[in-house]
Structures are given as structure tokens and as C-alpha cells.
Amino acid sequence: MKHVLFALAVAALCLPATALGKGASEASIEGPGIGAIAFNGDGASGGMQLSALADQSGLYPAIFAQEPSPMLASRPKGDLGPKYTIAWTVPTSSTDADKIRQDVYPYAKPAPVTYMAPGQKIFDRETTGGWFQADSRLRETLVSAGLPARAPEGSSGDSSFRIDLIGLLAGALLLATGATFVVRRRMRPAQAT
């Protein structure tokens with residue numbers, strides 16, 4: 001009887017680990033110049049392509065902190081090109097799955113980069129998140145799945161960065177105008193009464 005209970009306890013411990021060990025079960029990517037492109041883990045080629053996408057995009061280091069960390073200390077400089085978003089589905093049990101999002105910039109130079117916002121809920125914890133420098137294999141995987149070989153015409157770069165920059169410049173201009181007004185007002189000679 002003790003051997004049966006021990007075997008059941010071992011099996012119970014192994015089953016969740018097997019479900020969690022599979023990683024992402026599917027992903028879809030959306031962005032300029034494409035409809036949604038699905039990556040499914042079913043079947044040999046589908047599973048291989050999904051696994052390659054997860055590895056090449058830095059999905060797992062963005063979810064779980066690793067040492068040494070392959071994540072970048074900050075956003076790469078320059079125009080990253082158009083932003084695409086990957087919606088990942090990660091099974092957390094045999095009946096439940098968490099969904100997380102990761103931005104990918106496949107046309108960034110010299111190679112693609114990805115970004116995952118920290119704090120997304122997964123496995124009853126939060127993603128570590130951050131920027132990840134991929135290599136050219138990520139662009140090749142995405143192009144083979146249906147992304148254009150080159151950035152679509154008229155697609156803009158990271159618009160959120162540009163909007164932040166425009167807001168910052170507008171705020172600086174407003175602050176400078178206000179400071180000039182205050183300085184001029186104080187420099188006026190007092191009028192005699």
C-alpha cells in the first residue's frame with residue numbers, strides 16, 4: 001500500500017511539470033502589412049516553428065529572470081521600425097492557460113529586438129519583462145510565417161517612442177516660454193507712481 005501511495009505522489013508531481021514543461025502552446029502575431037499570423041504547437045512542423053519563435057524572441061528570459069540575464073539594460077537606440085505584437089498562450093494546467101503579450105521589431109537594425117512589459121500575470125507570478133536583442137533568425141522565422149521580407153511601405157517606427165519624444169519637446173518648449181515670461185516680467189523697470 002505504501003508503494004502505491006508513493007507511486008501516486010510521484011505521478012502527481014510529474015504531471016504538472018509535464019504540462020508546464022511544454023512552454024507556449026500557440027502564438028499569434030499582428031502588425032502593419034499583415035493579418036493575424038498563427039503559430040500552433042500541434043504537429044511536428046508547427047511545434048518546431050512555435051518553439052523556434054519562443055527561443056528566438058527571448059520569450060522565456062522575458063518571463064523568468066535568468067542569471068546571467070540575456071535581457072538588455074535599456075531600449076536600443078534609434079528607430080526600431082514597425083512594431084508587431086505577439087500574443088502568447090501558455091498552458092498553466094490541463095484546462096487553463098495564461099495569455100501574455102510581447103512586442104517585436106523584426107526590421108530593427110542590425111537585428112530584430114523584442115520587448116515584454118514587466119508585470120504580466122503568468123503561473124501565479126509576474127513576468128520579468130524587458131528588451132531582448134534577437135538575431136537574424138527571428139526575422140527569417142517571421143518572414144517564413146508570412147511577414148513581408150522588408151518593412152511595409154508607409155509603416156512607421158515605434159510610434160509610442162515618437163509620441164513620447166514629441167510630448168517631451170512640447171513640454172520643454174512650454175517650460176522655456178513660461179520661464180522667459182517670468183524673467184522678462186521681473187526685469188521690467190518699476191514704473192513711477
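Because only heavy atoms are used, hydrogens play no part in the values below, and waters and symmetry mates are left out as well, while side chains stay in. Since this is a predicted model, take the numbers as computed values, not measurements.
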Starting at [atom1] of [X], measure out to [atom2] of [Y] and round the result to the nearest 0.5 Å.
| X | Y | atom1 | atom2 | value |
| --- | --- | --- | --- | --- |
| Leu59 | Ile100 | CG | CD1 | 5.0 Å |
| Phe132 | Met116 | CZ | CE | 11.0 Å |
| Ile34 | Ile29 | CD1 | CD1 | 5.5 Å |
| Lys109 | Leu80 | NZ | CG | 12.0 Å |

Any residue meeting side-chain hydrogen bond (donor to acceptor under 3.5 Å, both in side chains) with [X], in chain and number order, not counting sequence neighbours:
| X | value |
| --- | --- |
| Thr85 | Asp103 |
| Ser28 | none |
| Glu126 | Lys121 |

Got [X] and [Y] here, is their nearest side-chain heavy-atom distance under 4.5 Å?
| X | Y | answer |
| --- | --- | --- |
| Arg125 | Phe64 | yes |
| Pro82 | Tyr107 | yes |
| Thr128 | Ile63 | no |

Contacts table for residues 140-150: side-chain donor-acceptor under 3.5 angstrom, sequence neighbours left out:
{"from": "Thr141", "atom 1": "OG1", "to": "Gln56", "atom 2": "OE1", "distance (Å)": "2.6"}
{"from": "Thr141", "atom 1": "OG1", "to": "Gln56", "atom 2": "NE2", "distance (Å)": "3.4"}
{"from": "Thr141", "atom 1": "OG1", "to": "Arg137", "atom 2": "O", "distance (Å)": "3.1"}
{"from": "Ser144", "atom 1": "OG", "to": "Glu140", "atom 2": "O", "distance (Å)": "3.3"}
{"from": "Ser144", "atom 1": "OG", "to": "Thr141", "atom 2": "O", "distance (Å)": "2.8"}

Does any N or O in the side chain of [X] come within less than 3.5 Å of the main-chain N or O of [Y], such that one atom is a donor and the other an acceptor?
| X | Y | answer |
| --- | --- | --- |
| Arg101 | Ala87 | no |
| Tyr84 | Pro106 | no |
| Thr127 | Ala117 | yes |

What pairs with [X] under side-chain contact (heavy atoms from CB on, under 4.5 Å), at least two apart in sequence or on another chain?
| X | answer |
| --- | --- |
| Ala27 | Phe39, Leu50, Leu53, Ile86, Trp88 |
| Asp124 | none |
| Gln133 | Leu72, Ala111, Val113 |
| Thr89 | Ser25, Glu26, Ala97, Lys99 |

Ala54 to Tyr60 - nearest heavy-atom pair and separation: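 It is CB-CE1, 3.7 Å.
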
Same apolar cluster (I L V M F W Y, side chains within < 4.5 Å links), Tyr105/Met71: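 Cluster IDs for Tyr105 and Met71 differ.
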
With Tyr115 via ring-ring contact (aromatic ring centres under 6.0 Å, His included) - residues at least two apart: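 ring-ring contact (aromatic ring centres under 6.0 Å, His included) list for Tyr115, sorted by chain: Trp131.
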
